[in-house]
Undergrad: 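Right, I'll just put the structure down here and ask away after.
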Amino acid sequence: MSSEKNSNQTAVPASNFIRAIIEKDLGQHKYAEKKWAGSPGDAQHQQAGQVDSAKIRTRFPPEPNGYLHIGHAKSIFLNFGLARDFDGVCHLRFDDTNPEKESQEYVDSISDNVKWLGFDWQNGHESNLYFASNYFDFMYRAAESLIENGFAYVDEQSADEMRVNRGTLTEAGKDSPFRNRSAAENLARFREMRDGKHADGSMVLRAKIDMASPNINMRDPAIYRVRRAHHHNTGDKWCIYPMYTFAHPIEDALERITHSICTLEFEDQRPFYDWLLERLADAGLLAHPLPKQYEFARLNLTYVVLSKRKLIQLVEEKHVSGWDDPRLPTLAGARRRGYTPAGFKLFTDRIGVSKADSWIEYTILEDCMREVLNMDAERRIAVLDPIKLVIDNYPEGQSEDCFAPNHPLKPELEKRTIQLSNTLWIEREDFMEEPSKGFFRLTPGGMVRLRYGYVVKCTGCEKDANGNVTVVHCEYLPDTKSGTPGSDSVKVKGNIHWVSAAHAYECEIRLYDRLFKEANPGSGDRDFLDDINANSVQIITAQLEQSLQDAKPEDSFQFERHGYFVADKKDSVAGKPVFNRTVTLRDAWQK
Ligand code: ATP
Ligand code: MG
């Protein structure tokens, strides 16, 4: 496993070879004459348009068959980011050419996620939101054109025969017995396919290229199949559907995409991408300049699964609470967890875009979130594992204001008031009756500063029948209040946080940890479900400073000494927020 962790923690973008390609293309004025009619369409439609005001066109083409995950964020920042940087436009295109498994729920969540990351598909009054299924008529026309020009044929071999005759990496394929039918015969057969005269799977339309090509993808790939399935957009209009490898280049060309960026597994498809578009352009159906495909390495991230199939399984088998479970690497989950668009931006800049497959350590993503939240999140006080501290020489019923900075790096955010009284909540781990070496917090006879308050001297504790400490006692030193003259006359080594019991907001907090305990869930012969971390969430009742009661959903804070927490967007109600731990202050997993 290779890690691309940057040793210097700056936001200097890592290399992005696609940026260099675009700079070169623009330098050569490759797209200076490209016309765009304001909407997708064929050559005739586009040539009647104006010179495109968008310098480049990219697209993000999700299939609406699941929720987006962190891998998709890389693709979104790449495609929308390049368009933004180069005065271009990025289309949001729903690649809905597969009639099964697609739904409006997915369309809505995907659109939401893209907007949340800070992008949109508007260009002036033009909305570049498209559905590939709107191109079915053109795709059908393109298929007929290929047939008429001798570049496609209807193959009636069985699926098994086709597989055997495709050959192998070392052996050329064999021509189908149906390969040399006349154009007229192929056209008639293809129309019968369209008209529902043939059973599902009984025949396919194939491009006629070269059964001996060293690239198996060029051995007469299937481009249309018979499939009786209801489509969410086109209903029952079609019983034949285009294959992805045929549909995708056409979608790009109709939308006048200049740079079609996809993941490496499509590299071997690129010759077919070019073959197809050139033939359709020669036939006068598509306008030049044609789109070009570029491949980059997909994001692989340790400790998560980024496969729609596995994510669906986690949700459907209820290993998590839903698509937006804060432990999932879906964007909906990451958002509830408190991950931020700025954090994702930093992450994608830092990992860069390359052609070499690699694994990125999950800690790099967490570091990016920490860095962004460190700057953006105000500080608050929370006691997560509370026990009582009673200041025996402080008057019962009295309270006073203490002042805590909202952000140590941003004094302009000023200070807030917190209340001190004679009974406080402190962390259980901040008291030790018999201190271990190097323990500088509360211990009988020892002194510690109550952060933003007084120095106190511990006088003892009370215990229950099982010997568990229930209450700690102390006395305060009146002249030592933080921020008052002479407050540091008494030197102490320890400093602990606290909230006043009478003023605290008692609140539910979810402490999330990694969903998988293995870096590569399911690697080797293991089932990825066996790698689930059984302790990935702990729900606790904590004591928070009062002001947190007013937190709005999705407000993020640093709880001092603990980490970053966000008010849950789903389960919080006004005046009663609950918090999710986004990330701890330091990496607890580092060995
Ligand atoms: P499937 O497994 O269903 O093919 P997919 O993850 O490829 O799913 P798509 O909806 O086809 O999902 O993806 C939309 C876009 O996101 C594609 O252009 C794809 O290349 C890109 N993408 C998907 N996964 C990653 C990833 N891990 N890293 C970078 N880009 C990705
Ligand atoms: Mg895909």
Side-chain angles (χ1 to χ4, degrees), residues 4 14 16-18 57-83 90-103 105-111 113-114 117 119 121 129-133 243-245 247-249 251-252 255 257 259-270 273 291-315 323 328-332 334 344-345 347-360 362 364-365 520-521 528:
E4 292 189 357
N16 177 341
F17 72 98
I18 297 176
R57 281 184 190 266
T58 55
R59 84 288 172 270
F60 174 63
E63 204 179 322
N65 63 352
Y67 277 65
L68 297 186
H69 54 59
I70 297 173
H72 293 113
K74 177 175 180 182
S75 181
I76 291 171
F77 275 103
L78 183 58
N79 283 293
F80 282 93
L82 288 169
C90 181
H91 298 186
L92 176 59
R93 178 202 307 148
F94 289 102
D95 210 326
D96 60 349
T97 52
N98 185 351
E100 285 116 3
K101 298 188 256 177
E102 295 170 353
S103 85
E105 178 193 354
Y106 299 133
V107 168
D108 293 342
S109 80
I110 291 169
S111 314
N113 290 161
V114 173
L117 289 177
F119 298 106
W121 36 88
L129 174 77
Y130 302 113
F131 289 85
S133 57
M243 306 298 285
Y244 179 83
T245 48
H248 201 86
E251 296 158 19
D252 286 343
E255 293 179 19
I257 299 305
H259 300 80
S260 174
I261 301 165
C262 61
T263 44
L264 279 180
E265 62 272 25
F266 293 97
E267 194 166 18
D268 291 344
Q269 298 285 356
R270 183 167 11 108
Y273 186 103
K292 288 282 172 204
Q293 176 181 303
Y294 302 93
E295 308 87 19
F296 71 103
R298 69 191 301 116
L299 173 67
N300 297 307
L301 197 59
T302 58
Y303 293 102
V304 296
V305 293
L306 296 182
S307 136
K308 273 185 203 160
R309 185 181 57 77
K310 289 179 181 164
L311 292 172
I312 286 173
Q313 199 179 341
L314 288 171
V315 172
W323 282 106
L328 279 185
T330 54
L331 294 181
F344 280 118
K345 167 90 172 67
F347 175 66
T348 50
D349 282 349
R350 190 163 285 167
I351 63 176
V353 178
S354 85
K355 269 187 107 74
D357 254 322
S358 70
W359 281 80
I360 303 293
Y362 197 77
I364 296 181
L365 177 61
N520 301 74
F528 80 104

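Ligands are counted one by one from 1 in listed order, and the atoms in each one are counted from 1 as well. Predicted model, so just to flag it, every value in this text is computed and none were measured.
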Undergrad: Just by distance, do the side chain of Asp96 and the backbone of Phe131 share a donor-acceptor pair under 3.5 Å?
TA: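 No: the side chain of Asp96 does not pair with the backbone of Phe131.
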Undergrad: Checking Thr263 side chain against Arg298 main chain: does a donor-acceptor pair fall under 3.5 Å?
TA: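 No; zero donor-acceptor contacts below 3.5 Å.
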Undergrad: Going by the order shown, which atoms of ligand 1 are within less than 4.0 Å of some heavy atom of Pro62?
TA: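 Taking each heavy atom of Pro62 in turn, ligand 1 has 10 (O), 14 (C) under 4.0 Å.
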Undergrad: Would you say Val315 and Thr330 make side-chain contact, with heavy atoms under 4.5 Å?
TA: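 With C-beta onward as the side chain, the pair stays apart.
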Undergrad: Any nitrogen or oxygen of Arg59, side chain or backbone, less than 3.5 Å from one on ligand 1?
TA: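 N/O-N/O distance below 3.5 Å does not exist for this pair.
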Undergrad: Grab the two heavy atoms, one from Pro249 and one from Thr245, that are nearest each other, plus how far apart they are.
TA: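 Pro249 and Thr245 have their closest heavy atoms at CD-O, 3.1 Å.
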Undergrad: Report the member of Ser307, Gly71, Ser260 with the shortest heavy-atom distance to atom 31 (C) of ligand 1.
TA: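 Result: the heavy atom closest to atom 31 (C) of ligand 1 is in Gly71.
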Undergrad: I'd like to check which ligand 1 atoms, numbered from 1 as shown, lie under 4.0 Å from a non-hydrogen atom of Phe60.
TA: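 Heavy-atom distances to Phe60 below 4.0 Å select 15 (C), 16 (O).
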Undergrad: Using a strict 4.0 Å cut-off to heavy atoms of Ser75, name the atoms of ligand 1 that fall inside it.
TA: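 Reading through ligand 1 atom by atom, the close ones are 16 (O), 21 (C), 30 (N).
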Undergrad: With heavy atoms under 4.0 Å as the rule, classify the contact between Glu63 and ligand 1 as side chain, backbone, both or neither.
TA: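 Both parts.
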Undergrad: Check each heavy atom of Arg309 against ligand 1 and say whether those closer than 4.0 Å belong to the side chain, the backbone, both or neither.
TA: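 Neither; nothing of Arg309 gets under 4.0 Å from ligand 1.
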Undergrad: If the cut-off is 4.0 Å to any non-hydrogen atom of Pro61, which atoms of ligand 1 fall inside it?
TA: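 Contacts of ligand 1 toward Pro61, numbered from 1: 14 (C), 18 (O).
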Undergrad: For atom 25 (C) of ligand 1, which candidate among Arg298, Lys310, Glu265 holds the nearest heavy atom?
TA: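 Heavy atom nearest to atom 25 (C) of ligand 1 belongs to Arg298.
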Undergrad: Phe296 heavy atoms, cut-off 4.0 Å: which ligand 1 atoms fall inside?
TA: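 Listed by number with element, the hits are 29 (C), 30 (N).
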Undergrad: Hey, does Phe266 sit under 4.0 Å from ligand 1 if you only count heavy atoms?
TA: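 Under 4.0 Å: no for Phe266.
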Undergrad: Evaluate Lys74 for polar contact with ligand 1, using N/O atom pairs at a separation under 3.5 Å.
TA: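 It does not: no N or O of Lys74 is found under 3.5 Å from an N or O of ligand 1.
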Undergrad: Is the shortest heavy-atom distance from the side chain of Gln269 to the side chain of His248 under 4.5 Å?
TA: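 SC-SC contact between Gln269 and His248 ruled out.
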Undergrad: With a 4.5 Å cut-off on side-chain heavy atoms, are His259 and Ile18 touching?
TA: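 They are not in contact (no side-chain heavy atoms under 4.5 Å apart), so the answer is no.
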Undergrad: Is any side-chain N of the basic residue among Glu255 and Arg59 closer than 4.0 Å to the acidic one's carboxylate O?
TA: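 The answer is no: the pair does not qualify as a salt bridge.
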Undergrad: Is the shortest N/O to N/O distance between Leu299 and ligand 1 below 3.5 Å?
TA: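 Between Leu299 and ligand 1, an N or O pair is found under 3.5 Å apart.
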Undergrad: Run the ring pair (Phe, Tyr, Trp, His ring centres under 6.0 Å) test against Phe77 and tell me which residues pass, sequence neighbours left out.
TA: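 Only Phe119 meet the ring pair (Phe, Tyr, Trp, His ring centres under 6.0 Å) criterion with Phe77.
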Undergrad: For this output row, return yes or no: ring centroids of Tyr106 and Tyr67 closer than 6.0 angstrom.
TA: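 Yes; Tyr67 has its ring centre under 6.0 Å from that of Tyr106.
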